[in-house]
Amino acid sequence: MFCTECGEKLTLMFASGEGLVPYCKSCNQYRFAQFATAVSMVVTNRTKDKILLAKHVGQEDFILFAGYIKKGETAEKAVTREFKEETKLNTVKYKYMSSRYHEPRNVLMLNFIMVAEDGEPAIDEKEIELVKWFSFDEAMEAIKKDSTAEAFLKSAIAEIKKL
């Protein structure tokens with residue numbers, strides 16, 4: 001790890017109340033980890049009995065809709081923007097569920113359950129190969145196994161069933 005300000009190699013140093021934290025001796029500053037933040041959406045229909053999943057071009061598994069939060073944007077705005085960009089459908093309502101660090105991409109994922117307006121999704125075929133509505137059981141079967149998406153989907157289905 002290197003300092004984002006001066007490029008000096010960081011060393012681990014004890015910070016009171018924080019434990020071992022990367023430290024730049026040149027800047028005399030602790031350098032806490034920085035990572036991107038993204039939203040992930042478990043999309044359901046208005047009757048809340050189906051889940052919409054996406055398969056990206058070149059991928060084998062279905063995943064949740066997701067996207068990065070842009071600088072200056074709220075997570076709530078990113079949810080509606082990303083879903084509209086990927087499907088051309090509007091969001092009827094959404095609810096924040098939970099967060100999870102996704103190590104493979106160094107991203108903090110903020111998960112939402114959202115209800116999509118009725119209609120057929122229109123996709124950008126350069127990015128998304130296929131979108132499909134699934135029953136809850138089918139969605140759990142189709143989602144990428146042992147993934148952040150699977151964990152979010154499992155929690156969301158449990159929440160939806162409570163309602």
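Values in this document were obtained by computation on a predicted structure and should not be read as measured data.
- Two different hydrophobic clusters hold I123 and V42 under the rule that ILVMFWY side chains link at heavy-atom gaps under 4.5 Å.
- The side-chain contact (heavy atoms from CB on, under 4.5 Å) test applied to K88 returns A122, not counting sequence neighbours.
- Put simply, L130 and I51 are part of the same group of oily side chains (I, L, V, M, F, W, Y) that touch within less than 4.5 Å, one to the next.
- Note that CD of E117 and CG of N45 are 13.0 Å apart. Values are rounded to the nearest 0.5 Å.
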Side-chain polar contacts of residues 10-30 - donor-acceptor pairs under 3.5 angstrom, sequence neighbours left out - could you list them?
from, atom 1, to, atom 2, distance (Å)
Y23, OH, N28, OD1, 3.3
Y30, OH, F14, O, 2.8

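- Hydrophobic clustering (side-chain heavy atoms under 4.5 Å, transitive across Ile, Leu, Val, Met, Phe, Trp, Tyr) keeps I63 apart from F136.
- Residues in residues 49-90 take part in these ring-ring contact (aromatic ring centres under 6.0 Å, His included) pairs, two or more places apart or across chains: F62-F134, F65-F83.
- Annotation: salt bridge (charged side-chain N to carboxylate O under 4.0 Å, His left out) contacts involving residues 42-66, sequence neighbours excluded, comprise R46-D118.
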What pairs of donor and acceptor atoms, side-chain ones from residues 151-163 against any protein atom, are under 3.5 angstrom apart with sequence neighbours left out?
from, atom 1, to, atom 2, distance (Å)
S155, OG, A151, O, 3.4
E159, OE2, K95, NZ, 2.7

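- By the side chain to side chain donor-acceptor pair (under 3.5 Å) test, E129 is found to be paired with no residue, residues two or more places apart in sequence or in another chain being considered.
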Listed pairs under 3.5 Å, donor-acceptor, residues 101-115 side chains, sequence neighbours left out:
from, atom 1, to, atom 2, distance (Å)
Y101, OH, N106, OD1, 2.5
H102, ND1, T148, OG1, 2.8
N111, ND2, S40, O, 3.0
N111, ND2, S40, OG, 3.3

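- Closest of all the heavy-atom pairs between A66 and M41 is N-CE, 4.2 Å.
- In this structure, the side-chain contact (heavy atoms from CB on, under 4.5 Å) partners of A78, at least two apart in sequence or on a different chain, are V39, I69, E73, R81.
- I143 is listed as a side-chain neighbour of L64, based on a closest heavy-atom distance under 4.5 Å.
- Listed for the T87 side chain is no donor-acceptor partner under 3.5 Å among the backbone atoms of K84.
- Using a 4.5 Å cut-off on side-chain heavy atoms (C-beta onward), P121 and L52 make contact.
- Between R100 and S147, the shortest heavy-atom distance links the atoms NH1-O, 4.3 Å.
- Scored by the side chain to side chain donor-acceptor pair (under 3.5 Å) test, K70 finds no partners at all (sequence neighbours excluded).
- Placement of Y96 and Y94 within a single hydrophobic cluster is found when ILVMFWY residues are connected by side-chain heavy-atom separations under 4.5 Å, directly or transitively.
- For residues 130-149, no pair satisfies salt bridge (charged side-chain N to carboxylate O under 4.0 Å, His left out), with sequence neighbours left out.
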